[in-house]
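Down below is the structure, laid out as structure tokens.
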Number of protein chains: 2
Amino acid sequence: MSITGDLIRGHTDTIILAQLIKEDSYGYQINKAILDKTEGRYELKEATLYTAFRRLESAGLISSYWGDENTGARRRYYRITPAGRNAFTQMKNEWEEAKLTIEKLVEVQE
Amino acid sequence: MSITGDLIRGHTDTIILAQLIKEDSYGYQINKAILDKTEGRYELKEATLYTAFRRLESAGLISSYWGDENTGARRRYYRITPAGRNAFTQMKNEWEEAKLTIEKLVEVQE
DNA sequence: ACGATATACCTCGCCTGTCAAGGTATCTCA
DNA sequence: TGAGATACCTTGACAGGCGAGGTATATCGT
């Protein structure tokens, strides 16, 4: 497990957008990529993942389309929008700031 | 504002415990210390702060007692328990791990 | 004398994101 | 044929953050 829900909370959207910057992808693949990148230490729960997709699409940060595989299970692909790229940059900045702040606050002063 | 609720979520308890490691303190002072340490960029909302105190006390990580000031408003002081110190160490480790994980995941791969 | 501001505490109820649990359908391989 | 992987989805419970509201005391300027 390692990372609990509340520690990751608020990063889910950023993490998903990050996976879509380079190329379009679909739910299952995105989660596999996350699992790989973290060497098995973290994966999004499916319910969380799909909730996030809905949220991001409503917000106009991603758009979706069905893949045209003619074999295997159908896939819904997601594409990051220009607004999504802006939002991602913003979120990364916020994370950098938050990281420094948290770092400062969990440090025990001598 | 800078840090939104969901980014800080899950760190509230750790932050409060960190302020109590060195010495006992009370709500208002803890929040002021946080404000100082972050140069005004962050403070816990009062409702969040007091909710956290209740939670931490229920969990046995802090204990509380009324100060004996004979002037000014009454103060409820909080003291970290041995279990609280252990929990704090654990929480800091989890944060270190989470930080590395998030860092890896919000990075855009070339 | 009086209002504003700071100190200091507290609770209620809403909102939002996570996730356990359940479901569907297709393909591969033993 | 049946287990396991791929791939999607929804519902409802739960928990933490926080806006809004409340109480009481002390200080300081006018």
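Throughout, a chain's letter reflects where its sequence line sits, starting with A, and its residues are numbered from 1. Keep in mind that what you see is a predicted model, and the values were worked out from it rather than measured.
To the nearest angstrom, P of C:dG17 lies 12 Å from CD1 of A:Ile16. Regarding A:Leu44, its CG atom lies at a distance of 12 Å from the C1' atom of C:dG17, rounded to whole Å. In this structure, the CZ atom of A:Arg55 is 15 Å from the C1' atom of D:dT10, given to the nearest Å. Between B:Glu69 atom CD and C:dA6 atom C1' there is a gap of 16 Å when expressed in whole angstrom units. Going from atom CG of B:Leu56 over to atom P of D:dA15 covers 16 Å, rounded to whole Å. One atom, CZ of A:Arg54, and another, C1' of D:dC9, lie 7 Å apart when rounded to the nearest Å. Rounded to whole Å, atom P of C:dG17 lies 15 Å from atom CG of A:Leu49. For the pair B:Ile34 CD1 and D:dG17 P, the computed distance is 12 Å after rounding to whole Å.
In summary, B:Glu107 and A:Lys37 do not engage in a salt bridge, as defined by a charged side-chain N under 4.0 Å from a carboxylate O. A salt bridge between B:Glu103 and A:Lys99 is present, with a side-chain N of the basic residue lying under 4.0 Å from a carboxylate O of the acidic one. A salt bridge between A:Arg79 and A:Glu23 is absent, with no side-chain N of the basic residue lying under 4.0 Å from a carboxylate O of the acidic one.
Residue B:Thr51 is in base contact, counting any heavy-atom pair closer than 4.0 Å across all strands shown.
Among residues two or more places apart in sequence or in another chain, the salt bridge (Lys or Arg N to Asp or Glu O under 4.0 Å) test is passed with B:Arg85 by none.
For B:Glu96 (side chain) and B:Met91 (main-chain N/O), no donor-acceptor pair under 3.5 Å exists by modelled atom type.
Residue-environment remark: CG (B:Asn93) exceeds the threshold of 12 foreign heavy atoms within 6.0 Å.
Both A:Ala47 and B:Asp6 lie close to DNA chain D; mapped to their nearest nucleotides by heavy-atom distance, the more 5′-ward contact belongs to A:Ala47.
Dashed line: the shortest gap from a side-chain N or O of B:Arg9 to OP1 or OP2 of C:dC15 is not under 4.0 Å. Dashed line: the shortest gap from a side-chain N or O of A:Thr48 to OP1 or OP2 of C:dG17 is not under 4.0 Å.
Hydrophobic clustering, with ILVMFWY side chains joined whenever heavy atoms are under 4.5 angstrom apart, groups B:Ile34 together with A:Val108.
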Atom pairs, N/O to N/O, protein against nucleotides 5-7 of chain D, distance under 3.5 Å?
from: D:dA7; atom 1: OP1; to: A:Tyr26; atom 2: OH; distance (Å): 3.3
from: D:dA7; atom 1: OP1; to: A:Arg75; atom 2: NE; distance (Å): 2.7
from: D:dA7; atom 1: OP1; to: A:Arg75; atom 2: NH2; distance (Å): 2.3
from: D:dA7; atom 1: OP2; to: A:Tyr26; atom 2: OH; distance (Å): 3.0

